There are 2 protein chains.
Amino acid sequence: MAVAYERIADELRAAIRAGELKPGDRLPAESKLAERFRRSVPTVREALRALRDEGLIEKQHGRGNFVRRPRTPALRSNLRHQWEKGRAREPLAERAQTGATEHDTGLTVGDLVFHASYRTIEAHRDLAEAFGLPEGTALLERTYRTRYAAENAPFSLVTSYLVHDLIARNPALLDESNEPWPGGSQSQLYSVGIELDRVEERVTARPPTPEEAAELELPPGTSVLALRKTSIDLDDRVVDVSDVVLPGDRTELLFTTPLERW
Amino acid sequence: MAVAYERIADELRAAIRAGELKPGDRLPAESKLAERFRRSVPTVREALRALRDEGLIEKQHGRGNFVRRPRTPALRSNLRHQWEKGRAREPLAERAQTGATEHDTGLTVGDLVFHASYRTIEAHRDLAEAFGLPEGTALLERTYRTRYAAENAPFSLVTSYLVHDLIARNPALLDESNEPWPGGSQSQLYSVGIELDRVEERVTARPPTPEEAAELELPPGTSVLALRKTSIDLDDRVVDVSDVVLPGDRTELLFTTPLERW
DNA sequence: GAGTGGTCTAGACCACTGT
DNA sequence: CAGTGGTCTAGACCACTCC
């Protein structure tokens, strides 16, 4: 390891892994580390930055560098889709009680704060492809933000697209003030006679855009899970495309695949 | 935006998003940018580092900074599990032809290079929990590396764990030189009378450890998808736990959830 | 060899945190 | 107020790429 900042990073990393520095501990000040390793402060900072990018430490301006505590991630299971489908035709009182997110997380409706806004757009290429429809098709774009009542930052950024003409039969679906709709999207689709056959979810990981990092209040160096959910109805039509951005360090996606018997 | 390097990053980011700088283009040299923005070179480098962390540019030592081309990711679908299950009992000749990875990617066996190594370990807490067995239970740890024949870096790091006593009935399963086993793990389990009921996959995103970054040849700033796959048999026993690390920028996970009819 | 990014120094000043 | 990290300068030398 020829490079000075890597040697410093290695030594600190080893100390953390060995448990000499425990989660929550403050590291020595950057100037102290510079003395100890006989390097300039910027060189020490380079090493600390590497450790931060690995998620091992957290910088707190004016306070110090701290060993990070492991996160207990929120769970999101694909069983939610079947659960939501079963619930879509229940009586209103039943549907209003719990949403899919509460079902996943074990929280109650009061623990979450929900915000939605709608607008009508024309499909650009990416979306037109996902729907299998021509570019320019009218879509209803719905933007959702859900957060814990006790926290400021939402834990997911969701943008959902519906084919405008498919849902226009029920004008209530075009009005954002009806959100949150009891029973979720599948209940909304049920109101215009659409039943889902399956849900496809595509998952990738990437660094957040600066906008996403700001909205989710992501510490620098954390990545996001980008999930594109496609809902397909009994006629094999794509009826909903949703882009979901989740903080990588506090989300766990669970997918259960049942297998047929031999 | 009070800070100098953010103003520089913003201007370059805008140019890239607007298409003034196209994928593959080289940015002006760091010294030129420093002149243009009337800032020192380290400040310009700070801005470039931010863009690299967002995945927008790529640094090439001695050549320059380049606008990154979007990656075409490898696909991994959960339909593979059912496909593999159907194949597990086929005749050897059939099984040897194609594996699940080839099925996903559309490649043939010759396009991929495969490496496996085995050792026996005792379950530590994390694994014991996943299996629902006491700590210290003997496990067979199997490490897999698969890469494209044309590339040096593997596209996945897989560590799989099997309960030693469950599979010891068939000594061939304890010998790494029998890999790649035609038909995959489900075929191996079939040879000791185990049939899978379902597969659960837990997905998170995180920065790579330095070791993972080196092995996968990840450009700095990219994140990995960490997938823990749990295979459960008809008796509700956990028979396999696999940890899969995939490069976030060139992997897309596809999960299909079929829904029951109303 | 010319041009590029990679590392490093030694110090300055600012912004934030806690007493 | 003292102590901490955040930003920035101006310049040095090294390592790599390409001609």
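Residue numbering restarts at 1 for every chain, and letters A, B, ... go by the order of the sequence lines. It should be emphasised that the depicted structure is a prediction, and the values quoted were computed from it without experimental measurement.
- At least one donor-acceptor pair closer than 3.5 Å links the side chain of Glu212(A) to the backbone N or O of Thr209(A).
- Ring planes of Tyr118(B) and Tyr144(B): perpendicular class, angle over 60° (limits at 30 and 60°).
- Each of Arg142(B), Lys229(B), Glu141(B) was scored for a side-chain hydrogen bond (donor to acceptor under 3.5 Å, both in side chains) with Ser160(B), with one residue passing: Arg142(B).
- Closest approach to the Lys59(A) side chain among dG6(D), dG6(C), dC8(D) is made by dG6(D) (side chain taken as heavy atoms from C-beta onward).
- Applying the 4.0 Å criterion to OP1 and OP2 of dT7(C), one finds that Tyr5(A) has a side-chain N or O inside that range.
- Under a cut-off of 6.0 angstrom, the local environment of NE2 in His124(A) is crowded, with over 12 non-hydrogen atoms contributed by other residues, nucleotides or ligands.
- A sub-4.0 Å separation between OP1 or OP2 of dG5(D) and a side-chain N or O of Asn65(A) is present.
- Less than 4.0 Å separates DNA chain D from at least one heavy atom of each of the following residues of residues 32-53 of chain A: Arg45(A).
- A side-chain donor-acceptor contact under 3.5 Å links Glu102(B) to the backbone of Gly99(B).
- Rounded to whole Å, the distance from CD on Glu30(A) to C1' on dT9(C) is 16 Å.
- Ile8(A) places its CD1 atom 13 Å from the C1' atom of dT9(C), with the value rounded to the nearest Å.
- Here Arg13(A) does not pair with Glu211(B) in a salt bridge; the nearest charged N to carboxylate O distance is not below 4.0 Å.
- Side-chain atoms of Asp104(A) come within 3.5 Å of backbone N or O of Ser77(A) as a donor-acceptor pair.
- Side-chain contact check for Arg145(B) versus Leu157(B): some heavy-atom pair is nearer than 4.5 Å.
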Dump every N/O contact between nucleotides 15-19 of chain C and the protein below 3.5 Å, one line per pair.
unit_1: dA15(C); atom_1: N3; unit_2: His61(A); atom_2: NE2; d: 3.1
unit_1: dG18(C); atom_1: OP1; unit_2: Arg63(A); atom_2: NH1; d: 3.2

